[in-house]
Amino acid sequence: MNFANKQVLIVEDQRPFLLLLRGLMHSMGATDIVTKSSAEKAISICRKQKFDVVVSDLHLGSDRKNGFEFVEELRVRRLIKPTTVFILISADSARPVVLGSIERRPDDYLIKPFSQVQLKSRISRAWSKRQYLGDVYREIANDNLNTAVDICEDLLASPSPYRGSCEQLLVELYWQLEQPDKALDVLTPYLDGKPIMWAR
């Protein structure tokens with residue numbers, strides 16, 4: 001992944017860690033980096049500029065939007081591109097599980113402290129997945145859920161490292177379209193196999 005041509009937004013209310021994150025992204029090759037100390041300030045800049053990568057802390061101060069609320073607002077109000085990668089970071093060691101909402105789910109979740117190698121790897125992996133599923137996310141953003149289903153089904157017809165992510169999207173799309181039987185058909189193979197959190 002080439003970070004040099006990506007627009008990056010960092011949202012962190014703790015200035016020392018915000019500066020550290022900016023330095024890490026700069027070392028990875030990013031040159032267009034915007035930093036904000038709150039979700040509210042970040043939303044304001046997102047009205048004017050579309051970012052490729054958003055890295056946000058989960059906890060952004062009391063009486064302020066948290067990271068989940070932030071990503072949901074960005075996606076619902078279409079203030080980021082369907083292919084934008086959203087990475088949530090937190091000092092909480094217990095990984096939060098967000099179910100039933102494509103809008104609220106970050107592309108990945110990193111526990112502090114983490115290394116530059118970890119950050120780069122997670123962003124790159126999420127970027128590749130977003131690009132692969134880009135057409136699906138674009139149709140979801142435009143409320144064309146049936147078209148999104150068709151694209152998902154086409155993608156599942158060929159081998160892919162993102163098969164699980166595609167199936168997860170397909171289950172959620174069937175659920176939103178009130179087609180639980182089709183959702184169950186996708187989930188059935190997981191019933192007897194290794195427990196998968198999203199399938200459970």
Side-chain angles (χ1 to χ4, degrees), residues 1-99 101-134 137 141 161-162 165 197-198:
M1 177 180 177
N2 180 12
F3 287 87
N5 61 359
K6 304 295 185 294
Q7 295 180 306
V8 178
L9 172 63
I10 299 170
V11 188
E12 169 63 68
D13 63 329
Q14 301 295 322
R15 182 165 176 78
F17 202 76
L18 185 147
L19 295 175
L20 174 63
L21 278 170
R22 186 172 67 181
L24 289 175
M25 293 301 306
H26 185 73
S27 297
M28 288 154 54
T31 56
D32 189 348
I33 304 170
V34 174
T35 60
K36 295 295 175 184
S37 60
S38 71
E40 289 76 13
K41 291 178 181 178
I43 288 167
S44 180
I45 192 69
C46 286
R47 292 193 187 101
K48 307 167 190 172
Q49 184 176 349
K50 291 290 190 293
F51 293 91
D52 299 298
V53 178
V54 179
V55 180
S56 174
D57 199 340
L58 171 59
H59 303 291
L60 295 168
S62 58
D63 301 322
R64 292 182 179 273
K65 292 182 190 297
N66 64 32
F68 288 132
E69 293 167 332
F70 174 43
V71 65
E72 182 176 31
E73 182 159 351
L74 289 182
R75 288 177 179 161
V76 169
R77 295 175 63 183
R78 299 177 187 176
L79 297 176
I80 53 176
K81 296 177 283 189
T83 52
T84 297
V85 167
F86 192 102
I87 305 293
L88 203 57
I89 57 177
S90 175
D92 291 346
S93 58
R95 180 175 179 144
V97 179
V98 186
L99 300 173
S101 172
I102 295 171
E103 289 81 11
R104 287 179 67 91
R105 188 180 304 114
D107 292 285
D108 211 332
Y109 186 85
L110 268 172
I111 305 294
K112 298 177 185 177
F114 50 81
S115 67
Q116 179 178 307
V117 172
Q118 287 175 302
L119 180 63
K120 185 175 183 178
S121 172
R122 297 292 187 89
I123 293 175
S124 297
R125 186 173 63 189
W127 177 262
S128 295
K129 185 171 74 174
R130 277 267 164 191
Q131 296 306 302
Y132 182 80
L133 298 170
Y137 286 118
Y162 307 110
S165 299
M197 184 60 72
W198 69 264

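- Side-chain atoms of Leu88 and Phe68, non-hydrogen and from C-beta on, do get closer than 4.5 Å to each other.
- Within the 4.5 Å cutoff, the side chain of Leu60 has no heavy atoms near those of the Glu40 side chain.
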*Could you give me the CA-CA distance, side-chain angles and deciding distance for Val55 and Phe86, then say whether side-chain contact (heavy atoms from CB on, under 4.5 Å) is met?*
CA-CA 6 Å; Val55 180; Phe86 192 102; over 6 Å; no
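- In terms of heavy atoms, His59 sits closest to Ser90 at CD2-OG, 4.0 Å.
- More than 12 heavy atoms of other shown residues, nucleotides or ligands fall within 6.0 angstrom of atom NZ in Lys81.
- Of the inter-residue distances, the one linking Thr83 atom OG1 with Tyr137 atom OH reads 10.5 Å to the nearest 0.5 angstrom.
- Counting only residues at least two apart or on different chains, no side-chain hydrogen bond (donor to acceptor under 3.5 Å, both in side chains) pair has a member in residues 13-30.
- Proximity of Glu12 to Ser56: side-chain heavy atoms (C-beta onward) are nowhere separated by under 4.5 Å.
- A pairwise comparison of heavy atoms in Leu9 and Ala42 identifies CD2-CB, 4.0 Å as the closest pair.
- Atom CZ of Arg122 and atom CZ of Phe114 lie 9.5 Å apart (nearest 0.5 Å).
- Counting non-hydrogen atoms of neighbouring residues, nucleotides and ligands closer than 6.0 angstrom, the CZ atom of Arg125 exceeds 12 such neighbours.
- The line from CZ of Phe3 to CE of Met1 is 4.5 Å long, rounded to the nearest 0.5 Å.
- In this structure, Thr84 and Lys50 have side chains that are not in contact, with every pair of non-hydrogen atoms separated by 4.5 Å or more.
- No side-chain heavy atom of Leu24 sits under 4.5 Å from any side-chain heavy atom of Lys120.
- Judged by distance alone, the side chain of Glu69 and the main-chain N or O of Asn66 form a donor-acceptor pair under 3.5 Å.
- Using a 4.0 Å cut-off between charged side-chain N and carboxylate O, Asp107 and Lys129 make no salt bridge.
- Side-chain N or O atoms of Ser121 include none that pairs as donor or acceptor with a backbone N or O of Val117 at under 3.5 Å.
- Under the 4.5 Å side-chain criterion, counting only non-hydrogen atoms from C-beta, Val53 is not in contact with Ile10.
- Between Tyr162 and Tyr132, the angle of the ring planes lies from 30° to 60°, which puts this pair in the tilted group.
- Contact annotation: the side chain of Ile87 never approaches that of Tyr109 to less than 4.5 Å [non-hydrogen atoms, C-beta and beyond].
- A distance of 10.0 Å separates CD1 of Ile45 from OG1 of Thr35, quoted to the nearest 0.5 Å.
- A distance of 4.5 Å separates CG in Asp52 from CH2 in Trp127, rounded to the nearest 0.5 Å.
- We find the CG-CG distance between Asp32 and Asn5 to be 10.0 Å, quoted to the nearest 0.5 Å.
- Across all their heavy atoms, Ala39 and Val11 have their closest contact at N-CG1, 4.0 Å.
- Nearest heavy-atom pair, Arg130 versus Pro82, reported as atom, atom and distance to 0.1 Å: NH1-O, 2.7 Å.
- Across all their heavy atoms, Met25 and Leu119 have their closest contact at SD-CD2, 3.9 Å.
- Put simply, the side chain of Lys65 reaches to within 4.5 Å of the side chain of Ile43, judged on heavy atoms.
- Pro113 and Gln118 make their closest contact through O-OE1, 4.5 Å (heavy atoms, listed as atom of the first residue, atom of the second, distance).
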